[in-house]
Protein chains: 2
Amino acid sequence: MSKQSLPVIDQAAVCCAPMVREPLGEIDAVELSRMFKALSDPVRLRLLSLIASHEGGEACVCDLTGPFDVSQPTISHHLKVLREAGLVGSERRGTWVYYWVMPAALNRLAALLQAPADSKVAK
Amino acid sequence: MSKQSLPVIDQAAVCCAPMVREPLGEIDAVELSRMFKALSDPVRLRLLSLIASHEGGEACVCDLTGPFDVSQPTISHHLKVLREAGLVGSERRGTWVYYWVMPAALNRLAALLQAPADSKVAK
DNA sequence: CGACTGTATCGACAGCCATCGATACAGAAG
DNA sequence: CTTCTGTATCGATGGCTGTCGATACAGTCG
């Protein structure tokens with residue numbers, strides 16, 4: 001069940017109502033946890049923001065390996081994780097491979113986390 | 001460096017601008033990845049939504065152990081992870097311990113993930 | 001006080017994951 | 001075709017993490 005290369009997560013299949021509203025189903029929770037797991041690594045978070053904030057909304061891998069202290073295979077691995085989570089898309093154009101974010105996926109997670117102002121005051 | 005019981009994440013120290021706008025700093029990425037890691041488990045996601053959607057905005061642990069197939073110590077462990085990530089707060093009142101979500105933390109993550117409509121059309 | 005219930009901690013263990021070097025693959029350039 | 005560069009895959013490895021049973025702790029009730 002926990003095979004390494006899972007199929008890319010199907011965006012439409014995942015729920016999107018705020019989790020504050022109603023309890024998450026077990027199935028949805030599994031799908032969503034995969035996406036959050038993709039965000040649970042500092043390198044992947046920075047990769048994602050680098051891609052998202054890059055001019056034109058996409059970035060070549062060659063732009064992404066520089067800012068990190070980890071090896072090129074590791075960067076490639078992290079990009080694969082982000083892609084399989086459905087958070088980024090990629091395409092080869094000639095020599096270089098380009099990555100871009102999938103806004104719908106990010107917005108879905110954002111909507112899920114949306115909480116009402118202050119249902120309970122933090123102590 | 002990777003001790004099990006980290007101090008609870010300080011909310012105010014973490015950035016909140018959309019990551020699509022500008023690249024995440026290394027420090028912020030580490031902080032944020034800890035919170036996303038707390039969300040990267042199906043049981044914890046369901047726990048969080050159970051707590052958030054519970055009447056009164058808080059739930060007793062006794063309300064949370066039932067819906068799951070895992071043992072009570074495991075639930076307790078997951079609640080601790082959520083608490084140390086700053087996503088929930090807790091308090092003992094007499095015999096029972098109550099948990100509630102920290103809306104500011106959820107909203108901060110939601111804001112971070114907010115992406116512009118469709119900077120690039122998904123292929 | 002002692003018994004009982006609800007919750008947390010401990011120690012162990014199996015499976016997962018981030019990382020690396022080595023290497024394979026894809027396209028461009030000579 | 002050969003070489004070179006950019007990227008992905010492979011296999012190994014050390015560390016992290018989800019899970020459990022056993023047990024400790026906190027508060028309530030007789």
Side-chain angles (χ1 to χ4, degrees), chain A residues 1-6 8 26 29-30 33-48 50-51 58-85 88-100, chain B residues 1-6 8 26 29-30 32-48 50-51 58-85 87-100:
Chain A
M1 184 192 289
S2 56
K3 200 55 177 53
Q4 179 154 350
S5 55
L6 297 157
V8 171
E26 189 169 353
V30 170
S33 67
R34 279 199 214 136
M35 300 202 215
F36 283 121
K37 182 161 300 190
L39 297 174
S40 72
D41 182 275
V43 173
R44 285 198 291 268
L45 269 186
R46 291 178 62 204
L47 276 173
L48 193 63
L50 266 179
I51 295 170
E58 58 180 20
C60 167
V61 176
C62 59
D63 297 322
L64 302 173
T65 45
F68 297 93
D69 285 336
V70 299
S71 68
Q72 175 269 323
T74 299
I75 294 292
S76 190
H77 162 70
H78 284 310
L79 289 171
K80 182 180 181 181
V81 171
L82 287 172
R83 181 159 37 80
E84 287 179 339
V88 303
S90 70
E91 182 187 27
R92 172 164 223 131
R93 288 205 285 275
T95 304
W96 296 280
V97 178
Y98 290 86
Y99 283 78
W100 56 85
Chain B
M1 183 194 293
S2 54
K3 200 56 177 48
Q4 180 153 348
S5 55
L6 296 157
V8 172
E26 190 170 354
V30 170
L32 290 165
S33 68
R34 279 199 213 136
M35 302 202 210
F36 283 122
K37 182 163 301 189
L39 297 174
S40 71
D41 181 276
V43 173
R44 286 197 291 267
L45 268 186
R46 290 177 63 204
L47 276 173
L48 192 65
L50 268 178
I51 294 170
E58 58 179 20
C60 167
V61 176
C62 59
D63 297 321
L64 301 173
T65 45
F68 296 93
D69 286 336
V70 299
S71 69
Q72 176 268 323
T74 299
I75 295 291
S76 191
H77 163 71
H78 284 309
L79 288 171
K80 183 181 183 180
V81 171
L82 287 172
R83 181 160 35 81
E84 287 181 337
L87 297 176
V88 304
S90 70
E91 183 187 27
R92 171 163 224 132
R93 288 206 284 275
T95 304
W96 295 282
V97 177
Y98 291 86
Y99 283 78
W100 57 85

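To find a chain, count down the sequence lines: A is the first, B the second, and so on, and within it residues start at 1.
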Rounding to a whole Å, what distance do you find between [X]:[atom1] and [N]:[atom2]?
X     : N      : atom1 : atom2 : result
A:I51 : D:dT7  : CD1   : P     : 12 Å
A:E84 : D:dT9  : CD    : P     : 9 Å
A:Y98 : D:dG6  : OH    : C1'   : 11 Å
B:E91 : C:dT7  : CD    : P     : 14 Å
A:L64 : D:dT7  : CG    : C1'   : 12 Å
B:L79 : C:dT9  : CG    : P     : 11 Å
B:R46 : D:dG18 : CZ    : P     : 16 Å
B:L82 : C:dA8  : CG    : P     : 12 Å

Could you check whether any side-chain N or O of A:S40 sits under 3.5 Å from a backbone N or O of A:K37, counting only pairs where one atom can act as donor and the other as acceptor?
yes
Indicate yes or no: at least one non-hydrogen side-chain atom of [X] is less than 4.5 angstrom from one of [Y].
X     : Y     : value
A:V43 : A:T74 : no
A:L79 : A:S90 : no
B:L47 : B:L64 : yes

For the side chain to side chain contact (heavy atoms under 4.5 Å, CB included) test, which of A:V88, A:L45, A:D41 pairs with A:L82?
A:V88
In this structure, which one of A:W100, A:W96, A:Y99 forms a side chain to side chain contact (heavy atoms under 4.5 Å, CB included) with A:E91?
A:W100
Does the side-chain contact (heavy atoms from CB on, under 4.5 Å) test come out yes or no for B:V81 and B:H77, once each step is laid out?
CA-CA 6 Å; B:V81 171; B:H77 163 71; 3.8 Å; yes
At under 4.0 Å between heavy atoms, how does the protein contact nucleotides 21-30 of chain D? Give one character per nucleotide, 5' to 3', with B, S or -.
BB---SSS--
Would you mind telling me which of D:dG18, C:dA8, C:dT19 lies closest to the side-chain atoms of A:H77?
C:dT19
Picking from D:dT19, C:dT7, C:dA18, the nucleotide nearest the side-chain atoms of B:D41 would be D:dT19
Under 4.0 Å between a side-chain N or O of B:K80 and OP1 or OP2 of C:dT7?
no
Phosphate contact (D:dT19 OP1 or OP2) by B:H78 side-chain N/O below 4.0 Å:
yes
Identify whether any heavy atom of B:Y99 sits under 4.0 Å from a base atom; if not, whether one sits that close to sugar-phosphate; answer base, sugar-phosphate or nothing.
sugar-phosphate
Whichever of A:V70 and B:T65 has the more 5' nearest nucleotide on DNA chain C, that residue is B:T65
